[in-house]
Engineer: 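For reference, the structure I am asking about is given below.
Being a predicted model, the structure only gives us computed values, none of them experimental. Heavy atoms only: backbone and side chains are in, while hydrogens, waters and symmetry mates are out.
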Amino acid sequence: MLNQDIVREATRLTRAGQLVEATALLQRMLQGGSAPRPEARSASQAPLSRLDPLAIDATAELVEEREAPQSAPARSAQGRRRSLSLDGIRDFSGLGLRSPITRAPLSPSDIVPEGTRFIAGTFSSGAGSRTYKLFIPSRCQGQRLPLIIMLHGCTQSPDDFAAGTRMNFLAEEQNCFVAYPEQPSGANQSKCWNWFRTSDQRRGGGEPSMIAGITRQIMRDHLIDPKRVYVAGLSAGGAAAAIMGATYSDLYAAVGIHSGLACGAASDLPSAFVAMRQGGGSKAIADGKTSVPTIVFHGDRDTTVHPKNGDQIIEQSAGATRPAMKVLRGRVPHGHAYTRTVLIDGAGRAISEHWNIDGAGHAWSGGSPAGSYTDPQGPDATREMLRFFLEHSLGE
């Protein structure tokens with residue numbers, strides 16, 4: 001059966017409610033296997049009662065960390081054994097995730113610097129309700145400060161994502177607010193943002209409207225500089241961040257995407273699997289306004305989301321412009337080598353950066369082993385994203 005026939009058959013199975021069969025069919029296709037003929041299915045197979053959303057993260061592979069960066073808190077030898085990469089689609093069980101490897105419980109010192117606050121909030125609208133955590137820096141009085149929205153990956157929580165990225169510690173240095181919207185398991189059984197559904201790729205509805213609503217609520221309740229609001233995410237959260245940049249370019253001044261996909265890369269379950277494995281379409285479902293400056297991090301050995309997706313994000317963010325290009329290469333001491341490609345507009349400003357990390361998998365580059373799905377061998381995606389964000393503001 002040709003690939004297009006397999007996708008067609010998987011689409012038919014999905015619409016018929018036979019999600020397990022559709023998933024297995026797509027997995028065999030992406031792994032190069034042959035697919036059974038449609039009539040080979042057992043007539044006794046009962047359709048699923050509902051369509052569970054897609055997860056794009058998978059089981060972590062246990063590896064030994066070499067040396068954590070100095071900014072990471074000291075951990076026991078057992079605590080330093082972490083996931084530096086996630087394996088590919090073959091490890092899906094249905095569309096859920098296996099439980100991540102057991103880690104030591106997080107302590108407040110893993111999540112926030114001393115003397116700062118990390119408070120809970122809730123946003124509700126006609127589209128639904130989402131909780132979030134908000135980091136408030138210690139020097140927030142009397143001036144309008146930047147705000148970064150951080151969208152976690154599958155199976156993660158705000159606390160876990162904050163600990164892994166250490167964004168709160170960098171935000172304390174730079175005097176920024178940071179918000180972490182939380183995707184509940186009721187919206188996706190693996191707590192993934194539903195980046196692949198067309199209803200969650202549009203302005204004014206679905207999950208984008210709730211993320212934008214959380215952003216605006218924080219801007220009303222705190223002294224936030226409306227020209228310096230940013231959004232970033234990992235994996236499914238990175239794909240959601242791309243959607244926010246494409247649909248709310250009047251709200252976010254820049255976007256950070258780690259191991260994610262472009263807005264419009266997929267429109268349903270079959271195309272999501274294809275995009276993850278091979279790269280997706282880069283058709284933007286946007287508001288038709290200016291492109292948002294974008295910084296992308298992607299490991300060249302990512303077997304969960306193909307590195308080609310990082311190229312497509314940069315291509316989408318550039319739009320119809322013809323920027324100049326500067327390519328820089330480097331290596332983290334005792335860590336990964338990387339290629340940093342910077343696109344520069346006619347005024348000499350960097351409008352996008354693409355960090356391609358040699359030997360890295362599906363994990364936050366330079367993150368702390370206190371959190372899940374991190375690669376402490378760098379480069380430091382958190383520091384570089386924040387640096388890029390603060391170089392941009394709306395209306396510049």
Engineer: Distance check, rounded to the nearest 0.5 Å: Trp193 atom CH2 versus Gln183 atom CD?
Structural biologist: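 Between Trp193 CH2 and Gln183 CD, I get 4.5 Å after rounding to 0.5 Å.
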Engineer: Could you check Thr215 against Tyr252 for side chain to side chain donor-acceptor pair (under 3.5 Å), going step by step and ending with a plain yes or no?
Structural biologist: CA-CA 9 Å; Thr215 305; Tyr252 301 104; 2.7 Å; yes
Engineer: Below 4.0 angstrom, N of the basic side chain to O of the carboxylate: do Glu353 and Arg340 qualify?
Structural biologist: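 Salt bridge flag = yes for Arg340 with Glu353.
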Engineer: Show your reasoning for whether side chain to side chain contact (heavy atoms under 4.5 Å, CB included) applies to Leu386 and Cys176.
Structural biologist: CA-CA 10 Å; Leu386 190 52; Cys176 303; 4.3 Å; yes
Engineer: Could you check whether atom CD of Glu114 has more than 12 heavy atoms from other residues, nucleotides or ligands sitting under 6.0 Å from it?
Structural biologist: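 Counting neighbours around CD of Glu114, 12 or fewer heavy atoms of other residues, nucleotides or ligands fall under 6.0 Å, so no.
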Engineer: Is it the case that more than 12 heavy atoms not belonging to Arg139 sit under 6.0 Å from its CZ atom?
Structural biologist: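 Buried by this count: over 12 neighbours within 6.0 Å.
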Engineer: Check Glu172 against Pro113 and note the closest heavy-atom contact, atom names and distance.
Structural biologist: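 Shortest heavy-atom separation between Glu172 and Pro113 comes out as CB-CG, 3.8 Å.
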Engineer: Do Leu328 and Met325 share a hydrophobic cluster, counting only Ile, Leu, Val, Met, Phe, Trp and Tyr and linking them when any side-chain heavy atoms are less than 4.5 Å apart?
Structural biologist: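 Cluster IDs for Leu328 and Met325 differ.
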Engineer: Any non-hydrogen side-chain atom of Cys140 less than 4.5 Å from a side-chain atom of Leu223?
Structural biologist: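 No - every pair of side-chain heavy atoms lies 4.5 Å or more apart.
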Engineer: Find the distance between OG (Ser138) and CZ (Arg117) and round it off to the nearest 0.5 Å.
Structural biologist: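 Going from OG on Ser138 over to CZ on Arg117, the span is 10.5 Å.
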Engineer: State the CG-CG distance between Asn168 and Asp110, to the nearest 0.5 angstrom.
Structural biologist: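 So the gap between those two atoms works out to 11.5 Å.
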Engineer: Can you see which heavy atom on Ala360 is nearest to which on Asp375, and at what distance?
Structural biologist: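 The answer is CB-OD2, 4.1 Å.
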Engineer: Quick check: is Trp355 connected to Val342 through a chain of hydrophobic side chains (ILVMFWY, heavy atoms under 4.5 Å apart)?
Structural biologist: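 No, Val342 does not connect to Trp355 through the hydrophobic network.
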Engineer: Going through the distances and angles, do Leu147 and Met219 end up as a side chain to side chain contact (heavy atoms under 4.5 Å, CB included)?
Structural biologist: CA-CA 8 Å; Leu147 168 65; Met219 293 170 70; 4.3 Å; yes
Engineer: Search all heavy atoms of Ala381 against all heavy atoms of Trp364 and return the closest pair with its distance.
Structural biologist: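 Here Ala381 and Trp364 meet closest at CB-NE1, 3.8 Å.
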Engineer: Would you say His298 and Asp311 make side-chain contact, with heavy atoms under 4.5 Å?
Structural biologist: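 Result no, sub-4.5 Å side-chain heavy-atom pair not found.
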Engineer: Is any side-chain heavy atom of Tyr180 less than 4.5 Å from a side-chain heavy atom of Met167?
Structural biologist: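 Side chain of Tyr180 against side chain of Met167, heavy atoms only: contact under 4.5 Å found.
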Engineer: More than 12 heavy atoms of other residues, nucleotides or ligands under 6.0 Å from CZ of Arg387: yes or no?
Structural biologist: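 Yes, enclosed.
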Engineer: Before giving the answer on side chain to side chain contact (heavy atoms under 4.5 Å, CB included), spell out for Phe169 and Thr382 the whole-Å C-alpha distance, their side-chain angles and the decisive distance to 0.1 Å.
Structural biologist: CA-CA 10 Å; Phe169 293 84; Thr382 302; over 6 Å; no
Engineer: Between Phe297 and Tyr338, does the ring pair (Phe, Tyr, Trp, His ring centres under 6.0 Å) criterion hold? Intermediate values first, please.
Structural biologist: CA-CA 10 Å; Phe297 283 78; Tyr338 59 86; 8.7 Å; no
Engineer: Listed by chain and number, what are the ring-ring contact (aromatic ring centres under 6.0 Å, His included) partners of Phe389, not counting sequence neighbours?
Structural biologist: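 Only Tyr230 meet the ring-ring contact (aromatic ring centres under 6.0 Å, His included) criterion with Phe389.
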Engineer: Closer than 4.0 angstrom, basic N to acidic O: yes or no for Lys191 and Asp160?
Structural biologist: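 Here Lys191 does not pair with Asp160 in a salt bridge, since their nearest N and O are not under 4.0 Å apart.
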Engineer: Which atom pair, heavy atoms only, marks the closest approach of Asn309 to Gly280?
Structural biologist: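 Residues Asn309 and Gly280, closest heavy atoms: OD1-N, 3.4 Å.
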Engineer: Please check if the side chain of Gln201 supplies one atom and the backbone of Thr247 the other of a donor-acceptor pair under 3.5 Å.
Structural biologist: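 No, Gln201 side chain to Thr247 backbone: no donor-acceptor pair under 3.5 Å.
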Engineer: Using 0.5 Å steps for rounding, measure from the CG atom of Asp345 to the CZ atom of Arg322.
Structural biologist: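 Asp345 atom CG to Arg322 atom CZ measures 15.5 Å (nearest 0.5 Å).
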Engineer: Using the rule that Ile, Leu, Val, Met, Phe, Trp and Tyr join whenever any side-chain heavy atoms are under 4.5 Å apart, tell me whether Ile218 and Ile119 fall into a single cluster.
Structural biologist: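 Yes, because Ile218 and Ile119 connect within a single hydrophobic cluster, where side-chain heavy atoms sit under 4.5 Å apart.
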Engineer: Please assess His336 against Asp358 for the test side chain to side chain donor-acceptor pair (under 3.5 Å), listing each intermediate value before the final yes or no.
Structural biologist: CA-CA 6 Å; His336 292 299; Asp358 295 352; over 6 Å; no
Engineer: Not counting sequence neighbours, which residues clear side chain to side chain contact (heavy atoms under 4.5 Å, CB included) with Arg331? List them please.
Structural biologist: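 Listed in chain order: Ala337.
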Engineer: Check whether any side-chain N or O of Ser125 sits under 3.5 Å from a backbone N or O of Ala127 as a donor-acceptor pair, and report yes or no.
Structural biologist: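 Such a contact is found between Ser125 side chain and Ala127 backbone.
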Engineer: Are any of the side-chain heavy atoms of Val305 and His362 separated by less than 4.5 Å?
Structural biologist: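 Heavy-atom side-chain distance check passes, below 4.5 Å.
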Engineer: Which is it for Gln143 and Asn175 under the side chain to side chain contact (heavy atoms under 4.5 Å, CB included) test, yes or no, and what are the steps along the way?
Structural biologist: CA-CA 10 Å; Gln143 56 183 319; Asn175 211 17; 3.4 Å; yes
Engineer: Just verifying a value: how many Å separate Ile295 CD1 and Met385 CE, rounded to the nearest 0.5 Å?
Structural biologist: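 Ile295 CD1 to Met385 CE: 6.0 Å, rounded to 0.5 Å.
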Engineer: Decide side chain to side chain donor-acceptor pair (under 3.5 Å) for Glu182 and Ser157; before the verdict, give the C-alpha distance in whole Å, the side-chain angles of both, and the deciding distance to 0.1 Å.
Structural biologist: CA-CA 6 Å; Glu182 183 166 20; Ser157 67; 5.5 Å; no
Engineer: Between Ser365 and His258, is the side chain to side chain donor-acceptor pair (under 3.5 Å) condition met? List the steps.
Structural biologist: CA-CA 8 Å; Ser365 179; His258 202 310; 4.9 Å; no
Engineer: Main chain of Thr122, side chain of Gln217: is a donor-acceptor contact present, judged purely on distance under 3.5 Å?
Structural biologist: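 A pair under 3.5 Å: yes.
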Engineer: For the residue pair Ser129 and Phe123, establish whether any side-chain heavy-atom pair is separated by less than 4.5 Å.
Structural biologist: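 Not in contact.
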Engineer: Under a 4.5 Å cut-off applied to non-hydrogen side-chain atoms, are Leu261 and Phe196 in contact?
Structural biologist: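 Side-chain contact under 4.5 Å: no.
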Engineer: Following the transitive rule for hydrophobic clusters with a side-chain heavy-atom cut-off under 4.5 Å over Ile, Leu, Val, Met, Phe, Trp and Tyr, establish whether Leu394 and Ile149 coincide in one cluster.
Structural biologist: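 Shared cluster, no.
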Engineer: Looking only at heavy atoms, what is the nearest atom pair of Asn194 and Ala187, with distance?
Structural biologist: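 In terms of heavy atoms, the two residues are closest at ND2-O, 3.3 Å.
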Engineer: Is any side-chain heavy atom of Ile243 closer than 4.5 Å to a side-chain heavy atom of Glu207?
Structural biologist: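 Of all side-chain heavy-atom pairs linking Glu207 with Ile243, none is under 4.5 Å.
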Engineer: Counting C-beta onward and ignoring hydrogens, is there a side-chain heavy-atom pair between Arg216 and Leu251 closer than 4.5 Å?
Structural biologist: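 SC-SC contact between Arg216 and Leu251 confirmed.
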Engineer: Where the side chain of Thr294 meets the backbone of Val292, is there a donor-acceptor pair that is under 3.5 Å apart?
Structural biologist: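 Yes, because the side chain of Thr294 sits within donor-acceptor range (under 3.5 Å) of the backbone of Val292.
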Engineer: Could you tell me whether a side-chain N or O of Thr116 sits under 3.5 Å from a main-chain N or O of Val112, the two making a donor and an acceptor?
Structural biologist: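 Answer holds: no.
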Engineer: Side chain of His222, backbone of Ile224: donor and acceptor closer than 3.5 Å?
Structural biologist: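 No: the side chain of His222 does not pair with the backbone of Ile224.
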Engineer: Provide the closest heavy-atom pair for Cys154 versus Tyr373 in the form atom of the first, atom of the second, distance.
Structural biologist: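 Minimum heavy-atom contact is O-CE1, 3.7 Å.
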Engineer: Without swapping roles, check the side chain of Thr374 against the backbone of Ser368 for a donor-acceptor pair under 3.5 Å.
Structural biologist: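 Present.
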Engineer: Quick check for you: to the nearest 0.5 Å, what is the distance between His392 atom NE2 and Arg349 atom CZ?
Structural biologist: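 These two atoms lie 7.5 Å from each other.
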